[in-house]
Amino acid sequence: MATTTFGKGCHLHLIDGSAFIFRAFHALPPLTRKSDGLPIGAVAGFCNMIFKMVEDNTGPDAPTHVAVVFDKGSHTFRNDMYDLYKANREAMPEDLRPQIPLTREATLAFNIACKELEGYEADDIIATLSCQARDAGGRVTIISSDKDLMQLVGDGVVMYDAMKSKVIDRDGVFEKFGVFPEHVVDVQALAGDAVDNVPGAPGIGIKTAALLINEYGSLEELLDRAGEIKQPKRREVLTEKRAQIELSKKLVQLDCNTPLDFTLDDLEVRDPDPEALMTFLAEMEFRTLTKRVADKLGVETPAIPEKPAEAAAEAPAAPEAPDFDKARYDCVRDAATLETWVSQIRERGYVAVDTETTSLDEMKAELVGISLCVEPGHACYIPVGHRDGASGDLFGSDTLAEGQMPLDQALAILKPVLEDDAILKIGQNMKYDAKILARHGIEVAPIDDTMLMSYALHGGLHNHGMDLLSETYLGHIPIPIKPLLGSGKSAITFDRVKIDDATRYAAEDADITLRLWQVFKPRLHVARVTTVYETLERPLVPVLGRMEMSGIRVDRDTLSRMSNAFAQKMAGLEAELHELAGESFNVQSAAKVGEILFDKMSLPGGKKTKTGQWQTTSDVLEDLATEHDFPARVLDYRQLQKLKSTYTDALQDHINAETGRVHTSYSIAGANTGRLASTDPNLQNIPVRTEEGRRIREAFVAEPGKKLVSLDYSQIELRILAHIADIPQLKQAFADGIDIHALTASEMFNVPLDEMTPDIRRRAKAINFGVIYGISGFGLARNLRIPRAEAQGFIDRYFERFPGIRSYMDQTVDFAKEHGFVQTLFGRKIHTPEINAKGPHAGFARRAAINAPIQGTAADVIRRAMVRMEPAIADLPAKMLLQVHDELLFEVEETATEATIARAREVMEGAASPAVHLAVPLTVDAGVGANWAEAH
DNA sequence: CTAGAGCGCTCG
DNA sequence: GTACGAGCGCTCTAGC
């Protein structure tokens with residue numbers, strides 16, 4: 001019970017509980033409770049902080065009153081003012097959610113008041129209590145580092161950043177905002193907040209806002225006199241966005257009149273109940289803290305059961321897993337047996353799934369069987385499409401020895417489980433199986449994917465195929481598929497494999513998948529890649545699956561006509577080349593071309609490849625082509641050859657007979673940097689740079705009544721470089737929409753922008769790209785065809801003008817050497833195992849390490865856009881079809897192209913937030929057309 | 001006959 | 001010895 005009335009001499013500590021645990025979660029290493037793996041890192045950080053305060057606060061400055069304050073409810077009065085408030089908040093990380101109620105328990109265990117109010121943010125409760133305490137003559141310390149609370153500082157109110165052990169007073173606020181606390185809301189109203197989705201005044205950041213507020217005295221005065229501002233952009237935005245700015249102020253202004261159902265007196269400091277506190281700490285298994293608290297309270301330390309530590313990320317698989325015993329694998333041939341598997345799955349809540357089919361092409365593959373696994377060693381195979389090797393007849397349920405269930409019956413039994421929200425389906429490369437099942441009307445969800453888990457954990461270390469993962473992380477070599485299917489001409493499809501053999505093979509795949517999942521799952525948060533996996537990898541599976549199944553219409557006649565035209569021209573060139581060479585030879589053989597050029601014709605400047613063959617790459621041939629016909633004609637021939645074989649011919653073979661469309665396949669875990677890779681066919685390298693090549697894109701068409709719509713990020717990697725390396729001139733240029741290569745040229749060569757020549761700009765452009773690739777004098781010299789010393793001079797000059805670039809490169813390489821990986825802005829890890837190598841390897845590894853965060857961040861950004869795109873355009877007659885690294889291609893009803901562009905652009909331009917606040921804008925260019933050539 | 005290495009070219 | 005990241009078609013050869 002309160003014995004004193006809050007007033008002069010009292011000191012109130014207000015702890016921002018919600019903000020603290022969120023920050024602790026991200027800042028501290030991930031701890032789990034040893035007995036069951038429950039994530040408790042944030043709770044541990046919280047308890048340590050509380051205990052430290054209790055210990056420290058014994059002197060005259062000790063608090064007399066304390067409260068821990070939490071957010072409650074996702075809808076607050078601010079959402080009534082502005083429905084997009086905090087609209088782009090990301091879902092709470094899976095490992096944090098269970099820790100929130102535990103933090104409340106911890107507060108109560110320390111016998112500290114724990115306060116929250118439905119529909120209010122913790123900030124408003126803190127504001128109200130702070131005002132009340134100050135008005136009563138007391139002092140207040142707000143334990144938080146949230147800048148939104150800085151408006152409350154002053155008059156005996158200070159903030160304290162518990163993680164940095166730093167007091168923030170009026171001067172501290174000025175340091176952060178450039179204004180004193182009474183004007184913080186004005187600055188915030190102008191600068192906005194990407195994290196909370198407070199709009200503010202576009203183009204005005206904290207610095208400019210502070211400048212304006214200091215000049216005009218207040219936001220209201222500034223808005224009234226906005227017409228006087230000299231800078232046209234600022235004047236315009238302040239005049240036109242006045243309503244938005246005023247709304248922003250209301251959103252950031254904290255409410256000092258929150259209707260509380262308690263008083264300050266209820267917050268008086270109370271001694272903890274030792275028993276309750278010790279019980280809680282022991283339950284959490286905080287060994288060190290429990291002992292320290294017990295010593296402090298003068299009670300006995302309770303025993304905490306000692307269990308073997310969780311396997312570390314590098315440790316081999318859990319030894320208790322049973323051996324792979326194929327005899328235990330079950331072949332399911334009837335409904336009753338399948339039902340028993342279904343009930344086992346329901347008991348567990350998860351199941352590993354694998355499908356066997358007749359083809360690697362999901363759009364052509366026929367389902368042959370499904371395997372399931374519910375615990376290591378306990379797996380089954382359900383044959384549904386096996387055929388007699390000789391006759392090709394499907395085995396029926398009555399066939400002796402080879403009996404199997406009808407496909408429809410098996411799927412009908414499995415469908416409810418595979419689509420059940422409460423049952424996790426685990427697969428290795430789930431996109432494949434999900435597409436096969438989708439073609440049979442089953443939408444598999446929710447899923448986990450061991451291939452993608454491995455990608456998040458081990459990106460850059462090795463590939464993520466099941467055979468390799470099994471051998472590396474389970475110490476088990478899986479049954480090879482080769483002996484079952486054979487190879488080459490005599491290869492058979494899986495439907496002709498004997499059911500007994502198929503059972504051993506397929507059930508083992510599901511078994512391995514489940515075991516890999518058990519190994520990888522706890523390692524995700526140990527390695528701090530849970531969010532990467534959950535936001536950048538896993539959600540892409542259904543999105544890409546649908547894109548691939550949609551496919552894109554490709555006009556066979558267009559390709560066929562082009563093929564014929566190319567063939568004619570090639571025949572002419574071939575004859576000409578034979579004539580010039582004085583012999584008949586295979587023009588497609590680089591070795592022969594080299595011999596003729598450098599041995600027979602003795603042209604100068606020949607270089608050998610590492611196998612001793614003459615090098616005949618296009619840049620070598622281009623140098624010779626100015627003087628001789630032969631190399632010039634070879635170049636012509638090669639261009640046509642490439643277009644014909646790779647594009648006009650091969651693409652026709654990829655047109656699906658049923659859909660008339662081309663269905664590529666995206667590898668999610670293929671590229672080290674996080675980029676996707678497109679295969680079978682690769683639709684990410686369709687020609688565009690030359691006029692002739694670009695015509696291939698005319699064959700990629702929209703259905704009648706529809707259009708293709710293309711949106712692509714403008715200069716995304718350079719923008720990310722400007723942000724990461726923090727280059728003021730580049731950031732400013734992007735903010736102002738200035739031609740970035742011209743700006744670079746101007747800075748480097750001291751040429752004013754309005755006197756820029758195309759050649760100077762071209763050089764600067766090459767340097768800009770070189771920087772992204774981990775520039776070297778040699779590489780730039782080769783690219784620009786200038787002496788190496790001159791190229792090195794350019795690079796030196798560049799580093800002089802943009803010193804941040806050099807330090808970014810050095811820091812990135814140092815980080816890689818120390819940690820063995822580099823990271824993107826979104827936390828994706830790219831391992832760099834070769835970074836400490838000696839010799840030429842080192843150079844490669846170094847440049848790759850410099851490039852990876854840039855290329856990888858760009859890849860993360862478009863992944864985020866793709867995941868958000870489907871819901872954003874769900875109500876429009878539009879489909880996302882292709883991704884080409886910085887471009888998304890859609891097929892859209894003619895009437896909806898503009899709406900789609902608007903919607904898609906918003907998603908793409910905002911894709912970094914709220915996780916990352918880029919210091920440069922992302923901009924997107926759009927195009928529409930009947931075909932891809934027109935749209936791009 | 002087949003698999004894989006080497007070369008060269010396409011894209012971002 | 002060199003720009004970063006990918007996939008694929010062709011030739012050529014080692015090995016069945």
Side-chain angles (χ1 to χ4, degrees), chain A residues 460 482 486-491 585-594 607-621 634-635 637-651 653-654 664-667 670-690 692-694 696-697 712-713 715-718 721 766-784 788 791 795 830 839-856 858-859 862 882-887 936:
Chain A
K482 262 281 195 51
S487 69
K489 259 189 175 171
S490 58
F585 69 101
N586 183 357
V587 186
Q588 301 193 111
S589 166
K592 280 280 176 352
V593 170
K607 282 177 291 185
K608 296 276 183 88
T609 66
K610 61 183 170 186
T611 54
Q613 192 179 309
W614 290 110
Q615 193 181 10
T616 65
T617 49
S618 59
D619 52 344
V620 173
L621 265 48
V634 172
L635 283 167
Y637 182 92
R638 283 214 184 138
Q639 190 197 359
L640 297 174
Q641 155 71 18
K642 179 72 178 180
L643 293 176
K644 182 170 187 296
S645 67
T646 308
Y647 300 108
T648 57
D649 285 351
L651 221 38
D653 298 338
H654 283 284
T664 185
S665 178
Y666 289 101
S667 324
N672 281 338
T673 54
R675 272 195 178 180
L676 300 180
S678 162
T679 64
D680 308 305
N682 180 357
L683 296 187
Q684 291 180 322
N685 70 348
I686 304 301
V688 71
R689 288 174 191 173
T690 66
E692 237 177 339
R694 192 156 49 237
I696 305 275
R697 295 188 174 219
D712 67 294
Y713 283 109
Q715 307 282 14
I716 187 167
E717 292 191 355
L718 275 175
L721 174 71
I767 297 166
N768 275 333
F769 279 108
V771 164
I772 291 175
Y773 299 152
I775 200 157
S776 73
F778 187 93
L780 183 65
R782 209 164 66 105
N783 190 283
L784 285 177
R788 187 167 166 179
I795 295 169
I830 298 116
H841 276 5
F844 281 109
R846 203 187 110 85
R847 292 191 295 272
I850 289 167
N851 174 259
I854 302 167
Q855 186 179 120
I862 197 164
L882 300 180
Q883 188 251 42
V884 191
H885 310 308
D886 64 359
E887 173 187 7
H936 185 78

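Convention: sequence-line order gives letters A, B, ...; per-chain numbering from 1. Values in this document were obtained by computation on a predicted structure and should not be read as measured data.
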Residues touching DNA chain C, which here means a heavy atom under 4.0 Å, drawn from residues 845-852 of chain A:
R847(A), A848(A), N851(A)
Identify all pairs in which a protein N or O lies below 3.5 Å from an N or O of nucleotides 12-16 of chain C, and state each distance.
{"unit_1": "dC12(C)", "atom_1": "OP1", "unit_2": "S589(A)", "atom_2": "OG", "d": "2.7"}

Under 3.5 Å, is there any donor-acceptor pair linking the side chain of R638(A) to the base of dG8(B)?
no
dG8(B) phosphate, OP1 or OP2, under 4.0 Å from T616(A) side-chain N/O
yes
Is the shortest side-chain N/O distance from N672(A) to OP1 or OP2 of dA6(C) below 4.0 Å?
yes
Give a yes/no on whether any side-chain N or O of T611(A) is located under 4.0 angstrom from OP1 or OP2 of dC7(B).
yes
OP1 or OP2 of dG9(C) less than 4.0 angstrom from a side-chain nitrogen or oxygen of T646(A), does that happen here?
no
L676(A) CG to dC11(B) P: how many Å, rounded?
19 Å
If you only use heavy atoms from C-beta on, which nucleotide in dT2(C), dG5(C), dT10(B) is closest to the side chain of Y647(A)?
dT10(B)
Does a nitrogen or oxygen in the side chain of S487(A) sit under 4.0 Å from OP1 or OP2 of dA3(B)?
yes
Between CD of Q855(A) and C1' of dA3(C) the distance, given in whole Å, is 13 Å
For the helix from dC1(B)-dG15(C) to dG12(B)-dC4(C), what is the angle between the axes at its two ends, each from 5 pairs, rounded to 10°?
0°
Output yes when E692(A) and K642(A) qualify as a salt bridge under the 4.0 Å nitrogen-oxygen rule, no when they do not.
no
I need the CG-C1' distance between D619(A) and dT10(B), as an integer number of Å.
15 Å
